[in-house]
**Q** 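Sharing a structure below in structure tokens format, with a few things to ask.
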Amino acid sequence: MSKPTNSVTGSVAIPPGLARPLGIGGGVLAILGALLPWVTFLLNDGAYPDKATLQFFDAPYAVSGFRLHVLLLGVVAIVAHFIPVPLRRVLRALGWGLIGVAAVNIVFPLVDGGGFGAITSDGTNFAFGGIVSLIAGIALVLAAKTGPLEPVPQWKTSVPTLVAYAVLVVSFVALLLVVAMMLNAGGQGGVGNPYAGPIFLSLLAFLAGVLGALHGIGLTGWISGLSDKHKWFSVIVLVLVALALPFTEAGTDYWMTTAANIGVYAATAIGLNIVVGLAGLLDLGYVAFLGIGAFVAANFSGAAAAAFDIELPFVVAAIIAAVVAGIFGAVVGSPTLRVRGDYLAIVTLAFGEIFKKAAQNNIGGLTGGANAIPNVPPINWFGASFDESLTIGSLELPSGVLYYVLIIVLVALVMVVFANLKNSRIGRAWIAIREDEDAARAMGIKTGQAKILAFLIGATLAGLAGAVFAHKTSTVAYDSFQFIESVTLLAAVILGGMGSIPGAVLGAALLLVLPEKLREFSDYRLMLFGLALVLIMRFRPQGLVPDRHRRAELADEGADGVPIEELNVHDTPGDEKAVTR
């Protein structure tokens, strides 16, 4: 006799009568796990953080760090049984969050010289906090399998304008605090904190569980709907919130420099999103346009090694850099009139390699060759140098904060350009070409002109970002624009969601922040980073923040993110007539 299966997931179903015992029991075990020690003795790098080592476990109720996260997940799991929420969706998200936190803090003591005795018993001492928490997470996941997942509630977005504004402000401020918390989790690692890696991964797993639960009750979808309904207000608040990052705990020299780099890559990735995400043209040499913009701006900066003995204002140099990069984009895009698909990818790859070799050999004396173009002066507006700290009253902001502000403004402008293009006639033409070029041509779209225009606009945005990059880094060298950088930009677009504006920004941020936060894992850092990308692409092929078209194509979801199987359900068992909710 076959076992009952879950009609939604296709997996073996747990008897419904076990739902409540498993759910509440899992929550109780999570609370118990948070109050237990996790490590029996000192590891090679010292005591495990958050007083989880038995030797320092003198205040079990004073939980903090990942133990506090486990406690909160357990409490929420219990409370969810007594309030009207989609219980199985919430328990599934909380369960996987618990499993993630427990797994990180079980595996790390194992490989840090402790062995299984470090997380269980060394003969005289016992520490089962991690094991108990892992069992708690599994129990919650099993409780979610006691029946089909409930539909995600669709909250009404027709609320008073002031209420919508208040919700959006609170949501974006909360997002700012979460970002600052993630950047500052464990510090910057290295010698100062050998456990920065697991601290960051634990926080990431906890936030993933919380976000999944909020999505399960429909809150994130509601906020997203409010944001779409009040788009311009959302954009303004997001810009203001981003500008407030230097005033948080992440407002350090290190993170301001990293954030500025993220902004440069984000602006460039949005330009690539026009070529790849909207027009569907695979470009493997896109970083060359960033390099062209950087070298043009450097040559007009007044640097000693520049080819031209002239110093233009930054705004003028940036415009020239964008125009020159756009011209090269149109030149590279011209072969698209004859080739497509893999052949176009080879053409763009060849262009990227040609640019790198030309810059390396200093053809025309414009790139400095192996010597690069050093000492590019920083941007200086109104007597303020952008590479120095900024003092506002009694508050001193870190160096590089002005570059961060400039990058935020640049990214905002690029996002506005992209949004208007996407919703314009040419944007719809690009999408039609991406879906079926022959059909688009049959409908009267001049596909050749549209594809060249995609390359031209994408390259122009990259050239503008390159001008900022040149002045910020102060040195422009050919080895900053190699093939791997094009791959990184393409990965940012695909990871965030092709055709999605916030997706490109999020993708660029993850691809630059994750390697830095995982640096404590030394030789395993890139392997873990690659594994994370594989898992994300396996479970989110549409990207982390997909647009409607990609969501419908790759995730079997409707325009509002609701799974297709939840939009169409049978009236009665055996009735094949589907009705729409």
Side-chain angles (χ1 to χ4, degrees), residues 261 264-298 321-364 366-367 369 372 414 418 430 433-434 448 450-470 473 476-496 498-499 504 507-508 511-512:
N261 290 333
V264 170
Y265 273 82
T268 310
I270 293 174
L272 179 60
N273 218 349
I274 293 176
V275 181
V276 178
L278 295 184
L281 306 171
L282 183 58
D283 191 342
L284 296 180
Y286 187 75
V287 75
F289 302 122
L290 179 69
I292 290 172
F295 278 118
V296 170
V323 170
V324 172
I327 293 173
F328 275 96
V331 172
V332 174
S334 59
T336 62
L337 299 176
R338 296 293 181 183
V339 299
R340 67 175 72 173
D342 298 340
Y343 301 100
L344 175 61
I346 293 174
V347 170
T348 56
L349 174 61
F351 171 71
E353 291 302 306
I354 290 172
F355 167 78
K356 188 189 75 170
K357 289 299 182 182
Q360 183 177 2
N361 295 325
N362 195 22
I363 294 179
L366 299 174
T367 65
V414 172
F418 183 92
W430 286 334
I433 292 172
R434 183 190 71 192
K451 291 192 290 185
I452 292 177
L453 187 60
F455 271 97
L456 186 150
I457 296 176
T460 299
L461 296 180
L464 187 61
V468 178
F469 176 83
T473 58
V476 183
Y478 74 91
D479 55 2
S480 298
F481 312 105
Q482 302 194 51
F483 171 68
I484 188 62
E485 302 300 329
S486 290
V487 174
T488 301
L489 289 169
L490 183 61
V493 171
I494 297 174
L495 177 64
M498 296 202 320
L511 289 177
L512 289 181

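Bear in mind that the values here come from a model prediction, so they are computed numbers and not experimental data.
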**Q** Below 4.5 Å, heavy atoms only, C-beta onward: do V296 and V323 meet side chain to side chain?
**A**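 Answer no - side chains too far apart.
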**Q** Is there a side-chain contact (heavy atoms from CB on, under 4.5 Å) between W430 and I274 once you walk through the steps?
**A** CA-CA 8 Å; W430 286 334; I274 293 176; 3.7 Å; yes
**Q** Report the distance from atom OH of Y265 to atom OG1 of T268, rounding to the nearest 0.5 Å.
**A**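 Rounded to the nearest 0.5 Å, the OH-OG1 separation comes out at 8.0 Å.
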**Q** Could you check whether any side-chain heavy atom of Y286 comes within less than 4.5 Å of a side-chain heavy atom of V493, counting everything from C-beta outward?
**A**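 Y286 vs V493: side chains apart.
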**Q** Show, in sequence, the C-alpha distance, side-chain angles and deciding distance for V287 and T488, and conclude whether the side-chain contact (heavy atoms from CB on, under 4.5 Å) test is met.
**A** CA-CA 9 Å; V287 75; T488 301; over 6 Å; no
**Q** Show the nearest heavy-atom pair for residues T460 and G326, with the distance to one decimal.
**A**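 For T460 and G326, the tightest heavy-atom pair comes out as OG1-CA, 3.4 Å.
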**Q** Could you list all the salt bridge (Lys or Arg N to Asp or Glu O under 4.0 Å) pairs where at least one residue sits in residues 451-467, not counting sequence neighbours?
**A**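 Residue pairs passing salt bridge (Lys or Arg N to Asp or Glu O under 4.0 Å), neighbours aside: E437-K451.
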**Q** Is there a donor-acceptor pair closer than 3.5 Å between any side-chain N or O of Q482 and the backbone N or O of D479?
**A**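 Side chain of Q482 to backbone of D479: a pair is present.
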**Q** Quick one: CG on L489 to CD1 on I484, what's the gap to the nearest 0.5 Å?
**A**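 It is 10.5 Å, given to the nearest 0.5 Å.
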**Q** Minimum heavy-atom separation for A294 to A470, with atom names?
**A**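 Closest pair (atom of A294, atom of A470, distance): O-CB, 3.4 Å.
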**Q** Indicate yes or no: at least one non-hydrogen side-chain atom of I292 is less than 4.5 angstrom from one of F355.
**A**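 Counting from C-beta outward, I292 and F355 do come under 4.5 Å.
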**Q** Can you name the residues that form a side chain to side chain contact (heavy atoms under 4.5 Å, CB included) with T348, not counting sequence neighbours?
**A**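 Partners of T348 by the side chain to side chain contact (heavy atoms under 4.5 Å, CB included) criterion, ordered by chain and then number, come out as D283, L284, V332, L344, F455.
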**Q** Taking only residues two or more places apart in sequence or in another chain, which ones pass ring pair (Phe, Tyr, Trp, His ring centres under 6.0 Å) with F351?
**A**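 Once residues adjacent in sequence are excluded, the partners of F351 under the ring pair (Phe, Tyr, Trp, His ring centres under 6.0 Å) criterion are F289.
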**Q** Working to the nearest 0.5 Å, report the span between CD1 of I457 and CD1 of I452.
**A**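 Between atom CD1 of I457 and atom CD1 of I452 there are 12.0 Å.
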**Q** What's the spacing between L272 CG and L290 CG if we round to 0.5 Å?
**A**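 Answer for the CG-CG pair, L272 versus L290, is 11.5 Å.
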**Q** Which pair of non-hydrogen atoms, one from G329 and one from A459, has the smallest distance, and what is that distance?
**A**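 Nearest heavy atoms, G329 then A459: CA-CB, 3.7 Å.
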**Q** Quick check for you: to the nearest 0.5 Å, what is the distance between N361 atom CG and K356 atom NZ?
**A**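 N361 CG to K356 NZ: 10.5 Å, rounded to 0.5 Å.
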**Q** Identify the two heavy atoms, one from A330 and one from L456, that lie closest to each other, and give their separation to 0.1 Å.
**A**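 Result for this residue pair: CB-CD1, 3.9 Å.
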